[in-house]
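The next block holds one structure in the form of structure tokens; read it before the comments.
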Amino acid sequence: MPGRRRSAWLAQALTLAAVLALAGLLAATTAGHLQERGIRSGFDFLLEPAGFALGESLLPFEPGDSTLRAFAAGLLNTLRVALPAAALALLIGIAAGFGRLADNPLLRGLATAFVTGVRNLPLLLHLLAWYFILTDLLPPGDAPLNPLPGVFLSKSGLALPWWGETGFEVPEPAGFGFEGGANLTPEYLALLIGLSIYSAAYIAETLRGAVQALPPGQRLSALALGMSARQTFLLVLLPQAWRAALPPVTSQLLNLLKNASLAVAIGYPDLVSVAGTSLNQTGRALECLSIVVAVYLALSLVAAAISHRLEARLFREQGQ
Amino acid sequence: MSPALRLLAATAALTLAPLPALAGKTLDAIKSRGQLACGVSTGVIGFSAADSQGQWKGLDVDVCKAIAAAVLGDPNKVRWVPLSSQQRFTALQSGEVDILSRNTTWSLTRDAGQGLHFAGVTYYDGQGFLVAKKTKVSSAKQLKNAEVCVQSGTTTEKNLSDFARSQGIKIKPVVFDKFEASLKAFFSGRCQAYTTDASALAFIRAKEAPNPDDYLVLPELISKEPLGPAVRRGDDEWFAIVKWTVNALIEAEELGITQARVDSLKSSADPSVQRFLGVGEDLGKNLGLDRDWAGRAIKAVGNYGEIFNRNLGADSPLKLPRGLNAQWNKGGILYAQPLR
């Protein structure tokens, strides 16, 4: 029925036009209001020197560099903590999920205590607790723990041998702190630990639910074939449960990425921290916030697209 | 700007859109509301902080009380709006507050670029450093490679980086969004130094340090921080009222008009005092106020010297010296434009 199809298209096009018109109207109104009140607006500030330093950054960053570069450094800092935290969360989550289903009452009890304890406290509390544990308990930078040659652990963080500008470097004490190698600050470590443990508790529960939803025969037959509990979980149950667990686990990992924005509470210079500082230096509130919104939206959409592909592949494989 | 961003920016601005134009009408709005909306900090002792009874106290608070007394005849007709440093300018721009009296530094970008007018300077501050004595640092120039704890959302981060660049040294900022967290990190030894305005450092050392004698405020001030109240652009009448109330507080100290003596001084023979108190000449009508406006402000909170002593100086826990904030004829740089 081409007539009906055409009218459906027309309705969609009209809706789209209305939404765009509304957006244009809002943008124009906002710009008008800002100008009326003598408030400078626009994104030109991104190319001007930032004027502030960042405590740590993967991307080399000096105060004379542009604000745009500061945002890029902040984004890289967010990913630098979120990606390893996601991997750790998956590993810990799988282990805790296995523990929750174990026959051994001690293991089951420990896993249950872990999940209950972690899930029922707000993430901000986790982060602050980890941070102050690290900064309170570790020795000062001039008397670091030296558990392995070239590895120093102190309030200034974890200094490790790593590849630097001059090849492989071993950190050496220099003034306050260390020079050479890699340095993981207490802010980074606390965020990494807090985020991965918090998300792991949710992932463990998701996996437990997905495994328990499988027909009980799966587990019993695997055990009857002489497989160990661990083999049963990893080789038989988890691959099947994965299909149901993938969407909620992905959204948990997405949450982890967004939760990384709590970094500023414990002094880690992530994207939101950089945006907050830029906002205050330049006064461009709407601009700075819209950049953060756009970046998080883009990251989440990319992650969702990847997860979608994984799901589609999983269904195809299992459908065959 | 992509359409997606434009939409986001515009959506975020929805809150701004329905506000009426306010130009020229601030005073009328305050009178019909019967309240002055005053933007203050979320808690900086000495400037603006709520005490255990929930009463707001401080130098910035007294400025708002003086204005409420001058405009509405009652220093208690104020609605206090606590604002974070990131909210403060938006709150003023959007009309949520009539005046921002929140230890805010007067700078070119803020004055010219953010739709504000600063009405004067109520405290000349500067940024300094607090260090633990055991670090053996006695000058800010020795902070090479040091990590410095900072609270975000102020001019502090930029000053710190400017200082490091001018000295050719590297300083790593550790930036927190909450004051408490930044202090906790510093006192746990995470950073070798803490930086903020010197007035706040004195308070932090005296009140927050586990043992004040273990800590030292370094002698260098690395920036100029003139703090003062700001109003929205586009209402010159309101701007004038705030500006001249600030001037009146400072002028009253120079003229010797105190809270206790303000009534008896109405019979003073000094023409400057007479003019100030509206005896004979009526200065208030230039501002759209009555002749007793300045006298009411002093009666409510006292002159600048009394406000300073009560909140920051000898009679306060901070015990800050007057320093730059003494009158121009007493070794400071406070100089009120004459009320005549």
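The figures that follow rest on heavy atoms only: side chains count, while hydrogens, waters and symmetry mates do not. Residue numbering restarts at 1 for every chain, and letters A, B, ... go by the order of the sequence lines.
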Would you say [atom1] of [X] has more than 12 non-hydrogen atoms from neighbouring residues, nucleotides or ligands within 6.0 angstrom?
X: A:R40; atom1: CZ; answer: no
X: B:K133; atom1: NZ; answer: yes
X: B:W106; atom1: CH2; answer: yes

Of the backbone (N, CA, C, O) and the side chain (C-beta and beyond), which part of B:A164 lies under 4.5 Å from a heavy atom of chain A, both, or neither? neither
Side chain / backbone / both / neither for B:Q114 at chain A, heavy atoms under 4.5 Å: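 Both backbone and side chain.
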Short side-chain to backbone donor-acceptor contact, B:S161 and A:G51, under 3.5 Å: yes
Is the shortest side-chain N to carboxylate O distance from B:R190 to A:D136 below 4.0 Å? no
Among A:S156, A:S273, A:G283, A:G157, which has the most heavy-atom pairs under 4.5 Å with chain B? A:S156
A:S154, A:S278, A:A53, A:P140: which one forms the most heavy-atom pairs within less than 4.5 Å of chain B? A:A53
Quick test of your reading: applying side chain to side chain donor-acceptor pair (under 3.5 Å), list the pairs with at least one residue in residues 166-180 of chain B, sequence neighbours left out, ordered by first then second residue. A:E62-B:K170
Contact origin within [X] toward chain B - heavy atom pairs under 4.5 Å:
X: A:A31; result: neither
X: A:T282; result: backbone
X: A:A285; result: side chain
X: A:L25; result: neither
X: A:P63; result: both

Please give me the minimum heavy-atom distance between A:N280 and B:R110, naming the atom from each residue.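 In this case the closest contact between A:N280 and B:R110 is OD1-NH2, 3.8 Å.
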What are the two closest non-hydrogen atoms of B:V174 and A:E187, and how far apart are they?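 So the two residues come closest at CG1-OE2, 3.4 Å.
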Let me confirm one number: the [atom1]-[atom2] distance from [X] to [Y], rounded to the nearest 0.5 Å.
X: A:T135; Y: B:K184; atom1: OG1; atom2: NZ; value: 5.5 Å
X: A:K155; Y: B:Q192; atom1: NZ; atom2: CD; value: 11.0 Å
X: A:I133; Y: B:S188; atom1: CD1; atom2: OG; value: 12.5 Å

Check disulfide (SG to SG under 2.5 Å) between A:C288 and all other residues, then give those that pass, not counting sequence neighbours. none
Would you give me the side-chain donor-acceptor pairs under 3.5 Å for residues 211-220 of chain B, sequence neighbours excluded?
residue : atom : partner : partner atom : Å
B:N211  : OD1  : B:D213  : N            : 3.3
B:E220  : OE1  : B:A140  : N            : 3.0
B:E220  : OE2  : B:S139  : OG           : 2.6
B:E220  : OE2  : B:A140  : N            : 3.2

Would you say that A:Q281 contacts B:E157 through its side chain, given a criterion of any heavy-atom pair below 4.5 Å between the two side chains?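 A:Q281 reaches B:E157 side chain to side chain.
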Anything in residues 259-270 of chain A with a heavy-atom distance to chain B below 4.5 Å? Please list those residues in order.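 So far as heavy atoms go, A:V264, A:A265, A:I266, A:G267, A:Y268 are the residues that approach chain B to under 4.5 Å.
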